[in-house]
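See below for the structure under consideration.
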Amino acid sequence: MKNETILVVGGAGYIGSHMVKDLLETGHKVVILDDLSTGHRDLIPGGNFIEGGLGDAALLDRIFTSNRIDAVMHFAAFALVGESVEQPLKYYQNNVSATTELLSAMVRHDVKRFIFSSTAAVYGEPLEIPITENHPCNPTNPYGASKIAVERMLQDCDSAYGLRYISLRYFNASGAHESSQIGEKHQPETHLIPLILKVATNENKNVKIFGTDYPTPDGTCIRDYIHVSDLTQAHLLSLSALMEGGKSVVYNLGNSRGYSVREVIELARKMTGHRIPVVETDRRQGDPATLIASSDKIKRELGWKPQYEDLEKIIQTAWMWHQKEAK
Ligand code: UFG
């Protein structure tokens, strides 16, 4: 791996901070841009941190002028499905309009490689499982719509300006860095695994199960959980592909194996020794019953090999981090 300089936008967030750590450990120079609206300064593992927004054209010009950026990785999005339904313009403003500023700055400064954090939410209600990249994209919420809008914009930027991109459609990102130095930290927390573990550390009293009448074997939603370090490995492979002149492409990232909400809770009970009380409630708006990825394409084309296919390993890393955080 060469010593490229990477601009990581959103490097103080959950996935972005893991990316910064891996980039530094593989010998890259890293410039981090984050406005700390949802990120945390204490998650940034190193690199050159600049506090600011990705929609700030003057700041972007300064960054691209004072650093020779080889590629941009973009993690800075609002990513809560429910909030996006209530506040769609917040999502279009940050996820689409501000991203337009970032891409415009890249074009102005002739930076032609871009790795984009996309999502399974671009597909909407699945027509078939597992979901391949050829599945139609009919997002059912503004969050998914904002991500597919950027993917569309990227296609056009490729044709018009030769900007090469890899768009990675994550399924359920989870787990923490093996070192337990960084992990999943959201404020407020809405994701299943951290919420379960916050019961195990006695920060919360119980975990809610959103819906028990789904058309799944135990009535709860099935998701495909993927470890955050397997996501960052996929970014490193994508970076190499773009550096070697690879073309623009879209990949799914999941483990091709689904676990129901009840199965996740049961496994966490076994691993933490806590009885983790649950409260069964109504469905959460906009949740599809089952989301499972086919990730064959990135395995075949980039040789991606996940190291944490087993949900137990994923929860183990998250549990280590949560225990440390709770102290
Ligand atoms: N769930 C509960 N109780 C909770 C929290 C979640 O039962 O307290 C359930 C949800 O209903 C869902 C599953 O647990 O069935 C996982 O929920 P998360 O909130 O952890 O994750 P999502 O599947 O909703 O979201 C993920 C990503 C999004 C992405 C989405 C694609 O975090 O960015 O997948 O649908 F958009």
Side-chain angles (χ1 to χ4, degrees), residues 10 13-16 38 75-85 88 91 94-95 116-126 129-131 135 137-151 167-175 184-186 188-200 203-228 231 252-255 258-268 276-293 311 314-315 318:
Y14 168 42
I15 304 169
T38 58
F75 298 88
F78 293 130
L80 300 180
V81 169
E83 184 185 64
S84 80
V85 175
Y91 278 68
N94 182 66
N95 297 5
F116 180 56
S117 300
S118 189
T119 169
V122 298
Y123 295 115
E125 195 62 51
I129 298 287
I131 300 170
H135 186 287
C137 290
N138 291 312
T140 51
N141 53 65
Y143 169 57
S146 72
K147 289 286 180 172
I148 202 67
V150 172
E151 286 199 15
S167 183
L168 299 172
R169 294 177 178 164
Y170 311 158
F171 281 62
N172 285 65
S174 43
E184 186 165 6
K185 185 160 156 176
H186 294 117
E189 188 51 78
T190 63
H191 293 93
L192 182 64
I193 293 177
L195 284 172
I196 294 172
L197 295 176
K198 277 174 181 281
V199 180
E203 288 162 86
N204 293 345
K205 287 202 166 57
N206 54 53
V207 63
K208 293 195 176 88
I209 298 183
F210 295 145
T212 54
D213 59 349
Y214 283 97
T216 59
D218 68 16
T220 65
C221 287
I222 293 176
R223 293 288 180 274
D224 183 344
Y225 295 89
I226 171 166
H227 194 274
V228 59
L231 290 179
N252 280 345
L253 283 173
N255 276 317
Y259 293 87
S260 73
V261 174
R262 286 197 205 282
E263 284 175 321
V264 178
I265 295 170
E266 204 42 60
L267 196 53
I276 310 182
V278 302
V279 175
E280 295 181 1
T281 69
D282 290 344
R283 291 181 178 198
R284 187 173 67 177
Q285 204 194 340
D287 276 341
T290 303
L291 288 174
I292 300 175
L311 184 61
I314 294 178
I315 295 179

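Order of appearance sets the numbers: ligands from 1, and atoms from 1 within every ligand.
Closest of all the heavy-atom pairs between Asp218 and Ser260 is OD2-OG, 2.6 Å.
With sequence neighbours excluded, no residue forms a ring-ring contact (aromatic ring centres under 6.0 Å, His included) with Phe171.
Checking Asn172 against Ser174 by side-chain atom types alone, no donor-acceptor pair falls below 3.5 Å.
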Solution key, residues 190-200 side-chain donor-acceptor pairs under 3.5 Å, sequence neighbours excluded:
unit_1, atom_1, unit_2, atom_2, d
His191, ND1, His186, ND1, 3.4
His191, ND1, Glu189, OE2, 3.2
Lys198, NZ, Glu203, OE1, 3.4

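Applying the salt bridge (charged side-chain N to carboxylate O under 4.0 Å, His left out) test to every pair with at least one member in residues 116-125, sequence neighbours left out, gives no pairs at all.
Every protein residue with a heavy atom nearer than 4.0 Å to ligand 1 is included here: Ala79, Val81, Thr119, Ala121, Tyr143, Asn172, Thr190, His191, Leu192, Leu195, Lys208, Ile209, Phe210, Cys221, Arg223, Tyr225, Val261, Arg284, Asp287, Leu291.
Under the 30°/60° scheme for interplanar angles, the aromatic rings of Tyr91 and Tyr143 are found to stand perpendicular.
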